[in-house]
S.K.: 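Here it is, the structure, as structure tokens.
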Amino acid sequence: MERQTVIRSLTLAAFVVGISLLHYLTPLHLPYLHAIFQRLYYLPIILSALWFGLRGGLSCALAVSIVYAPHILFQWGGALTMEMEMYLEILLYNIVGGVTGFLSQRERERTVELQKTARGLEESFQKLQHQSERIIVIEEQLRRAEKLSTLGEMAAVLAHEIRNPLGSIRGTAEILKDDYKPGDPKHEFIEMQIKETERLNRVVEDFLQMARPQPAEMTPCSIQEELETITTLIANDAKARHITFVLQPPSTPVIIRADGEKLRQAFLNIIINALQATPPGGRLTVSTTRRQTEGCAPVCEISFRDTGSGIDAETLKRVFEPFYTTKEGGTGLGLVVAKKIIEGHGGRLLIESDNGKGTAVTVSLPMLEGGKR
Ligand SMILES: Nc1ncnc2c1ncn2[C@@H]1O[C@H](COP(=O)(O)OP(=O)(O)OP(=O)(O)O)[C@@H](O)[C@H]1O
Ligand SMILES: [Mg+2]
């Protein structure tokens with residue numbers, strides 16, 4: 001900016017000096033040339049007014065007057081009519097400098113004003129766009145919540161209707177099983193019947209989990225202890241699948257208010273998914289960290305990272321839909337239940353995946369201040 005001002009000032013000075021030299025050096029018996037040079041002065045005056053506004057126009061006109069006046073006085077002195085005309089021209093220089101400067105300054109101020117308005121409009125537009133995006137997200141959440149609440153009501157009714165006959169089917173199958181020795185094809189069929197009944201029972205249980213109200217028995221829980229309990233449950237499964245399971249302890253104990261049993265259920269669903277997706281030789285790492293953002297309550301983040309198949313973008317969009325599954329024999333409720341439990345604890349569940357490389361599930365939960373029980 002500074003540099004541009006200097007260059008412009010020098011250009012104007014060069015113009016004025018150049019035109020004045022032409023005046024001083026051109027013999028007086030060539031008046032038509034002097035008349036042309038006289039008009040040439042308007043060029044730097046108008047330029048200065050356009051570049052520097054009112055003050056620029058006036059000061060250039062003044063400078064021209066100062067350098068031009070001695071030429072009139074000392075070189076033309078005597079020819080009164082010519083002299084008068086030239087003094088009049090000087091007056092005109094100043095008028096043109098002033099008016100052009102004033103107009104260009106007003107124009108410039110208006111442009112600045114317009115730019116400011118345009119910036120304000122742009123900001124409002126951005127804000128509006130952001131808000132409409134948020135509305136779309138909230139709408140989507142509402143739709144999902146509505147779906148879940150209808151499902152929940154259905155689940156309560158269904159659970160009652162299905163659970164009891166299911167118990168009887170299982171009971172009678174157990175009795176029938178005793179009539180056949182292992183190896184007998186009918187023994188196998190009855191085993192299958194019992195297994196399938198168990199699976200059906202699990203679906204009903206999952207349904208119920210969704211329908212139940214928020215966790216009522218919130219007690220201080222140590223995240224690490226809950227995770228260790230789960231480790232003992234899944235250790236054999238991980239070993240059989242040749243998957244290395246690593247549970248990294250947090251640097252300091254992380255205590256939260258939670259319903260321990262429900263929390264374990266959520267963690268278990270996430271871990272089972274990871275084990276199912278990870279091929280032999282893979283790895284599942286679970287770690288807990290604290291996170292404190294300014295102005296927010298402290299949260300703990302439990303991350304479950306597997307080196308499994310990962311999830312493609314299309315599937316990732318649907319993993320929280322009830323009954324969405326890519327597994328043969330899957331019910332597609334594991335993550336729905338886990339999410340509901342975590343959100344019931346005021347937390348959030350986030351899934352990120354690098355398709356083909358692995359998946360990271362992050363659960364963030366509000367912490368008890370100071371980590372005390
Ligand atoms: N760690 C993971 N790696 C790869 N895919 C995953 C992972 N976790 C979830 N998924 C995908 O998300 C889908 C939904 O998972 P969810 O646990 O809700 O149901 P499911 O495992 O299919 O059935 P279930 O109800 O028996 O758990 C899975 O079918 C799978 O495609
Ligand atoms: Mg699952």
Side-chain angles (χ1 to χ4, degrees), residues 140-141 144-145 147-148 151-152 154-155 158-159 162-163 166 195-212 227 230-231 233-235 237-238 240-248 261-288 301-344 347-364:
E140 178 64 28
Q141 282 171 350
R144 190 173 294 159
K147 226 187 215 174
L148 279 179
L151 263 177
M154 274 167 55
L158 261 176
I162 295 175
R163 238 176 168 193
L166 217 51
K195 234 169 78 192
E196 289 300 302
T197 327
E198 274 170 4
R199 198 165 80 82
L200 209 53
N201 199 43
R202 263 206 325 272
V203 176
V204 174
E205 274 295 324
D206 281 347
F207 254 136
L208 268 177
Q209 194 101 35
M210 289 200 301
R212 266 175 215 144
L227 288 169
I230 298 170
T231 308
L233 288 178
I234 55 100
D237 192 14
R241 291 172 186 266
H242 301 285
I243 296 168
T244 316
F245 180 84
V246 184
L247 174 61
Q248 292 175 342
E261 199 187 318
K262 285 202 160 68
L263 215 52
R264 282 198 297 278
Q265 167 82 62
F267 292 162
L268 198 61
N269 288 2
I270 296 168
I271 291 178
I272 289 174
N273 279 349
L275 292 177
Q276 287 171 343
T278 308
R283 196 181 175 87
L284 168 59
T285 314
V286 181
S287 58
T288 310
E301 279 187 358
I302 307 125
S303 131
F304 305 81
R305 292 180 175 276
D306 65 57
T307 58
S309 57
I311 309 173
D312 63 74
E314 274 312 299
T315 309
L316 197 57
K317 276 189 211 152
R318 305 189 57 190
V319 288
F320 291 117
E321 273 179 27
F323 303 112
Y324 178 78
T325 179
T326 56
K327 297 168 196 167
E328 206 173 308
T331 57
L333 287 173
L335 282 179
V336 181
V337 169
K339 192 166 191 267
K340 189 171 165 70
I341 293 174
I342 299 302
E343 285 175 356
R348 287 193 327 150
L349 197 161
L350 187 85
I351 301 191
E352 288 161 302
S353 188
D354 205 351
N355 197 11
K357 290 196 182 150
T359 304
V361 180
T362 310
V363 170
S364 36

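Start at 1 and go down the list; that is how both ligands and their atoms are numbered. Since the model is a prediction, treat every value here as computed from it, not as a measurement. Count residues from 1 along the sequence.
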S.K.: Mark up the atoms of ligand 1 that fall under 4.0 Å of a heavy atom belonging to Leu333, in ascending order.
M.R.: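 What qualifies from ligand 1 is 18 (O), 19 (O), 25 (O).
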
S.K.: A quick test of your reading: do over 12 heavy atoms of other residues, nucleotides or ligands sit less than 6.0 Å from NZ of Lys327?
M.R.: yes

S.K.: Are Ile270 and Leu349 packed together at the side-chain level, in the sense that at least one heavy-atom pair is separated by less than 4.5 angstrom?
M.R.: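 They are in side-chain contact.
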
S.K.: Is Thr307 close to Thr278 at the side-chain level, that is, under 4.5 Å between some pair of heavy atoms?
M.R.: yes

S.K.: Would you check if Leu335 and Ile351 make a side-chain contact, meaning some heavy-atom pair closer than 4.5 Å?
M.R.: yes

S.K.: Any side-chain heavy-atom pair from Val337 and Ile341 closer than 4.5 angstrom?
M.R.: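 Of all side-chain heavy-atom pairs linking Ile341 with Val337, at least one is under 4.5 Å.
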
S.K.: Ion pair present between Glu196 and Arg199, side-chain N to carboxylate O less than 4.0 angstrom?
M.R.: yes

S.K.: Less than 4.5 Å apart, any side-chain heavy atom of Phe323 and any of Val336?
M.R.: no

S.K.: Which protein non-hydrogen atom lies closest to atom 24 (P) of ligand 1, naming both residue and atom, and how far is it?
M.R.: Thr331 OG1, 3.4 Å

S.K.: Does any N/O atom on Thr325 come nearer than 3.5 Å to any N/O atom on ligand 1?
M.R.: yes

S.K.: What protein heavy atom lies closest to atom 1 (N) of ligand 1? Include the residue and the distance to one decimal.
M.R.: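 Of the protein heavy atoms, Asp306 OD2, 2.9 Å lies nearest.
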
S.K.: Is Ile311 near ligand 1, meaning one of its heavy atoms is under 4.0 Å from it?
M.R.: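 So Ile311 counts as touching ligand 1.
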
S.K.: Would you mind checking which non-hydrogen protein atom is closest to atom 23 (O) of ligand 1, with the distance to 0.1 Å?
M.R.: Gly332 N, 3.1 Å

S.K.: What atoms of ligand 1 come closer than 4.0 angstrom to any heavy atom of Ala277?
M.R.: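 Answer for ligand 1: 2 (C), 3 (N), 4 (C).
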
S.K.: Between the candidates Val361, Val319, Thr307, which shows the shortest non-hydrogen contact distance to atom 12 (O) of ligand 1?
M.R.: Val319

S.K.: Can I get a per-line list of side-chain donor-acceptor pairs under 3.5 Å for residues 308-317, giving both atom names and the distance, sequence neighbours left out?
M.R.:
unit_1	atom_1	unit_2	atom_2	d
Asp312	OD1	Glu314	N	3.2
Asp312	OD1	Thr315	N	3.0
Asp312	OD1	Thr315	OG1	3.1
Asp312	OD2	Thr315	OG1	3.0
Glu314	OE2	Lys317	NZ	3.2

S.K.: Do Arg202 and Thr331 touch side chain to side chain, with heavy atoms closer than 4.5 Å?
M.R.: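 SC-SC contact between Arg202 and Thr331 ruled out.
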
S.K.: Which protein N, O or S atoms lie under 2.8 Å from the Mg ion (ligand 2)?
M.R.: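 Atoms qualifying: Asn273 OD1.
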
S.K.: Heavy-atom count around Glu198 CD within 6.0 Å, excluding the residue itself: above 12?
M.R.: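 Yes, CD of Glu198 has more than 12 neighbouring heavy atoms, counting only those of other groups under 6.0 Å.
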
S.K.: For atom 17 (O) of ligand 1, find the nearest protein heavy atom and state the residue, atom name and distance (0.1 Å precision).
M.R.: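 Going by distance alone, atom 17 (O) of ligand 1 is nearest to Asn273 ND2, 2.8 Å.
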
S.K.: With a 4.0 Å cut-off on heavy atoms, does Gly310 reach ligand 1?
M.R.: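 For ligand 1, residue contact (heavy atoms, under 4.0 Å) with Gly310 is present.
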
S.K.: With heavy-atom distances below 4.5 Å as the criterion, would you say the side chains of Arg348 and Leu350 are in contact?
M.R.: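 Not touching, per the 4.5 Å side-chain cut-off.
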
S.K.: Among Thr326, Val336, Leu284, which one puts a heavy atom closest to atom 28 (C) of ligand 1?
M.R.: Thr326

S.K.: Could you tell me, atom by atom, which parts of ligand 1 come under 4.0 Å of a heavy atom of Tyr324?
M.R.: 14 (C)

S.K.: Nearest protein heavy-atom contact for atom 16 (P) of ligand 1: which residue, which atom, what distance?
M.R.: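 Ranking protein heavy atoms by distance from atom 16 (P) of ligand 1, first comes Leu335 N, 3.6 Å.
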
S.K.: With side chains defined as the heavy atoms from C-beta onward, is the minimum distance between Arg283 and Arg305 less than 4.5 Å?
M.R.: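 Not touching, per the 4.5 Å side-chain cut-off.
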
S.K.: Please evaluate residues Phe304 and Leu227 with respect to the criterion side-chain contact (heavy atoms from CB on, under 4.5 Å), reporting the C-alpha separation (whole Å), side-chain torsions for both, the decisive distance (0.1 Å), and the verdict.
M.R.: CA-CA 11 Å; Phe304 305 81; Leu227 288 169; 4.2 Å; yes

S.K.: Starting from atom 21 (O) of ligand 1, find the nearest protein heavy-atom neighbour and note its residue, name and distance.
M.R.: Lys327 NZ, 2.6 Å

S.K.: Under 4.0 Å from any heavy atom of Ala274, which atoms of ligand 1 are there?
M.R.: 1 (N)

